Amino acid sequence: MDHAKFNIINLFLLICLGAIRGTSGAVTLIGLPNTVRVPENSPATVVASFTVSATGGATIPSGLPIIINSNPLSSAFTISNINSKCEILFTGNPILDFETAPNTFNLQIYVNDSKGDTDLQILTIVITDVDEPPVFLDNLKNQVYITENSPQGTIYTVLAYDPENKPLQYSLQPTSYPFIISGETGSIISTKVFDYEKDLKSYNLLVKVGDGTNPEINGTVIVNIVNTNDNAPIFTMKQRTFTIPEEQAPGTIVANVTAQDADDFSNVGNLTFSINPTDYFTINPLMGIIQVAERIDRDAKPLRDNPLITVEVSVIDSPKGGQSTSMSITFNVTDINDNPPVCIPDTYRPQVEETAIINTRIITITCTDIDVDPPNNQFKFTNLSCNGCNQIFDLNPAFSGNIVLTGSLDLEQPNNPLEYTLTVVAEDITAPFYKDTAYVYVIVLPVNENPPVFNPTTYNFSVSELNGQWTLVGVVTATDKDIPFTGISYSIVAGGSTLGYSNIFWIDPNTGSIQLMTEPDYETTSKYVLTIEAVDNDPKDPKTANSVVTVNILEANNEKPMCTPNDYTLTIPTDLSPGTNIQKFQLTCTDRDSPPTAFRYTINSGNINNHFAFSPPEGSNITRLILAEPFHYSDGLDKQWNYKLLVFITDDNLLSKGIVETGTVTINVNVVIAGLTTVSTTTPVSIRQT
Ligand SMILES: *[C@@H]1O[C@H](CO)[C@@H](O)[C@H](O)[C@H]1NC(C)=O
Ligand SMILES: *[C@@H]1O[C@H](CO)[C@@H](O)[C@H](O)[C@H]1NC(C)=O
Ligand SMILES: *[C@@H]1O[C@H](CO)[C@@H](O)[C@H](O)[C@H]1NC(C)=O
Ligand SMILES: *[C@@H]1O[C@H](CO)[C@@H](O)[C@H](O)[C@H]1NC(C)=O
Ligand SMILES: *[C@@H]1O[C@H](CO)[C@@H](O)[C@H](O)[C@H]1NC(C)=O
Ligand SMILES: *[C@@H]1O[C@H](CO)[C@@H](O)[C@H](O)[C@H]1NC(C)=O
Ligand SMILES: *[C@@H]1O[C@H](CO)[C@@H](O)[C@H](O)[C@H]1NC(C)=O
Ligand SMILES: *[C@@H]1O[C@H](CO)[C@@H](O)[C@H](O)[C@H]1NC(C)=O
């Protein structure tokens with residue numbers, strides 16, 4: 001609505017109201033001005049005061065007068081009536097702003113009374129312009145964020161206006177801050193490149209805006225510098241070498257790696273640690289704690305050769321793809337005493353002669369301890385023990401592995417054994433004093449100290465010449481004082497041989513019993529003197545003893561008579577006279593163990609009709625064959641012409657009992673008729689040795 005039209009309508013209303021006012025008069029609004037001026041943007045205030053009066057006893061109902069109309073419509077005005085004193089009030093809501101039309105309000109104030117009289121007046125309220133200060137258009141409490149390292153330049157433009165459209169002047173405080181503001185445009189410009197880590201993290205800027213007349217308005221702009229990941233993390237620990245013992249359990253913390261990132265001191269958890277290689281150690285990626293990952297054995301290669309483990313520790317900041325830093329740290333692994341001495345071999349079987357003298361070295365035990373460094377790899381030998389040894393062994397030098405003899409091993413001493421069982425402990429010289437035990441079985445070698453001794457020293461045995469092979473002649477015995485007894489062997493070293501026999505005797509090497517190998521012959525050798533040797537069976541150093549053994553061969557009749565001729569053929573005539581020595585035939589006999597008088601002659605067979613006999617029949621080494629009975633062929637008494645005489649010659653003529661040896665002779669006698677044949681009486685026909 002334009003002003004002209006508006007005024008015409010007001011004029012019309014005024015005329016009408018004037019007509020009403022003129023026709024009544026019993027109730028009246030008194031002192032209500034036509035126009036009041038109210039400066040724009042006033043707070044709540046009384047804009048007009050008046051009274052109301054009614055005549056003729058009429059009363060004014062409560063709640064009157066009222067504003068029955070407002071042009072333009074506004075709820076910003078109210079009316080009050082206290083004891084007929086009335087006020088028009090501006091409530092302050094809405095604000096009456098000159099610049100925002102409308103700025104003229106026509107209020108129709110109406111009142112009536114109990115008698116029906118009325119009054120209506122119009123109050124014109126004119127809003128007057130006031131020179132107002134500028135106004136911020138934005139909320140300056142908003143935060144302004146700029147990332148560090150951003151280039152200088154406009155970071156924000158303050159938005160303000162002046163209600164009266166006067167040119168504005170901007171200024172900024174404090175001027176020490178690296179910001180300026182364009183006085184005309186309100187653009188705030190940063191005058192430096194910010195480093196979050198060095199500079200203030202936020203700036204409270206006081207922005208003042210003036211319109212030249214009013215007091216300046218002010219507001220705050222908070223500039224926050226936003227951190228960016230523009231710094232690599234750095235390790236904050238100085239230590240680079242850590243000396244750690246070997247063999248720590250997996251999980252043991254061996255180092256704490258600490259790092260900081262200049263970009264973010266508080267978010268250390270955002271640093272991520274890593275380690276390379278991961279052979280021995282792991283690192284907690286968030287905490288930087290380095291822990292043992294697996295067994296670290298200083299005593300095994302490669303650490304045995306070089307105890308230093310160098311690892312690369314890296315730390316990377318976030319966000320991902322951030323910056324990283326690395327360093328080398330070195331672990332110096334130190335030896336601990338974690339290995340016992342080990343004795344290989346742990347069993348020894350030295351052999352020592354029983355005659356070994358004091359201080360003889362028995363054995364040297366060797367053990368090793370694979371711990372790398374002294375004293376962890378050092379040990380001593382101790383606790384040499386031997387059950388029932390009577391302290392005859394010792395370590396010399398003390399604590400060395402040399403076992404020496406300090407007593408006698410003599411086996412001939414009572415209770416001295418052939419073997420000693422010793423134990424020696426090799427013990428670490430440092431805690432926890434690991435040990436190993438070596439076992440030494442000292443084997444005592446007997447030494448042949450004593451020769452055998454015959455008891456008795458000589459022997460006198462007798463054996464009859466009648467005995468044959470395996471006949472026991474006698475037993476010799478030798479003893480030996482050496483312990484252990486190794487046995488004694490006997491042998492014949494001299495004597496006992498005879499013509500035709502190299503050995504008449506045999507001695508059992510184990511029992512010493514002397515036996516005949518063949519029948520001895522008293523007549524050949526009546527006495528043997530044997531040298532018997534006894535040898536102890538010491539393999540290295542056998543010792544011997546000799547004994548003289550006399551064997552007397554006892555004589556016995558063991559020889560047959562031997563006679564010549566022992567086979568003969570005779571021829572005799574039938575008429576030979578009895579008593580004739582037949583062809584002067586005689587036997588001549590010998591017997592090596594019988595005298596000539598011992599012979600006895602008998603014709604065992606062939607002497608049919610007992611024609612033949614020997615004279616003498618006994619007691620002589622010579623006897624003749626005689627015809628004892630004449631032949632009687634013509635009578636038919638004799639029919640045999642050939643006689644084969646088997647003659648036994650025995651040597652028992654003098655013996656009442658005992659052994660009789662018999663020799664034999666065969667004599668053939670042919671009988672021929674007398675006168676028919678010339679008989680040779682002297683020529684033997686055949687001689688055969690038996
Ligand atoms: C007086 O004015 C009030 C408010 O407009 C109205 O309600 C009332 O009827 C009027 N009284 C008379 C008698 O006209
Ligand atoms: C900012 O303005 C208020 C009034 O609007 C005033 O009280 C205050 O002192 C001003 N501050 C400064 C620093 O000028
Ligand atoms: C590492 O740090 C932990 C606690 O943070 C501490 O208990 C430990 O003793 C430290 N270890 C070393 C080797 O510094
Ligand atoms: C790591 O940084 C991010 C921001 O980059 C943050 O949200 C997070 O809380 C940080 N983590 C820790 C453990 O500080
Ligand atoms: C490792 O530690 C041992 C024992 O402390 C020391 O003797 C040796 O010099 C160290 N080695 C290095 C390279 O630091
Ligand atoms: C020494 O030996 C004895 C008996 O054999 C045993 O009881 C003792 O523990 C041993 N001492 C050591 C240090 O080995
Ligand atoms: C040996 O024994 C024989 C026969 O018994 C005897 O004749 C002889 O005197 C003995 N000799 C000795 C030295 O005893
Ligand atoms: C026979 O015996 C005698 C003694 O009686 C002796 O002289 C003679 O040598 C013996 N003859 C033979 C052959 O042995």
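Indexing begins at 1, ligand by ligand and atom by atom, following the structure's order. As the structure is a computational prediction, the values presented were derived from the model and not from experiment.
- At distances below 3.5 Å, at least one donor-acceptor pair connects side-chain atoms of R298 with backbone N or O atoms of L303.
- Using modelled atom types, one finds a donor on one side chain and an acceptor on the other under 3.5 Å when comparing N229 with D317.
- Using a distance-only test at 3.5 Å, with no hydrogens or angles considered, no donor-acceptor pair links the side chain of T330 to the main chain of L308.
- In this structure S190 satisfies the side chain to side chain donor-acceptor pair (under 3.5 Å) test with no other residue, sequence neighbours excluded.
- A donor atom on one side chain and an acceptor atom on the other are not found under 3.5 Å apart for N339 and D369.
- Judged as a ring-ring contact (aromatic ring centres under 6.0 Å, His included), the pairs with a partner in residues 48-78 (not counting sequence neighbours) are, in order, F77-F90, F77-F105.
- Distances below 4.0 Å separate heavy atoms of L308 from the following atoms of ligand 5: 13 (C).
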Give every pair made of an N or O atom of ligand 2 and a protein N or O atom lying under 3.5 Å apart, one pair per line with both atom names and the distance to 0.1 Å, or write 'none'.
{"unit_1": "ligand 2", "atom_1": "2 (O)", "unit_2": "N218", "atom_2": "ND2", "d": "2.4"}
{"unit_1": "ligand 2", "atom_1": "11 (N)", "unit_2": "N218", "atom_2": "ND2", "d": "2.7"}
{"unit_1": "ligand 2", "atom_1": "14 (O)", "unit_2": "K208", "atom_2": "NZ", "d": "3.4"}
{"unit_1": "ligand 2", "atom_1": "14 (O)", "unit_2": "N218", "atom_2": "ND2", "d": "3.4"}

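- Those atoms of ligand 1 that come under 4.0 Å of a heavy atom in G116, given as number and element, are 13 (C).
- Residue contacts with ligand 5: T241 is placed with no nitrogen or oxygen under 3.5 Å of a nitrogen or oxygen of the ligand (distance criterion only).
- Within the structure, every pair that satisfies the ring-ring contact (aromatic ring centres under 6.0 Å, His included) test and touches residues 201-222, not counting sequence neighbours, is listed here: Y177-Y203, F179-Y203, F194-Y203.
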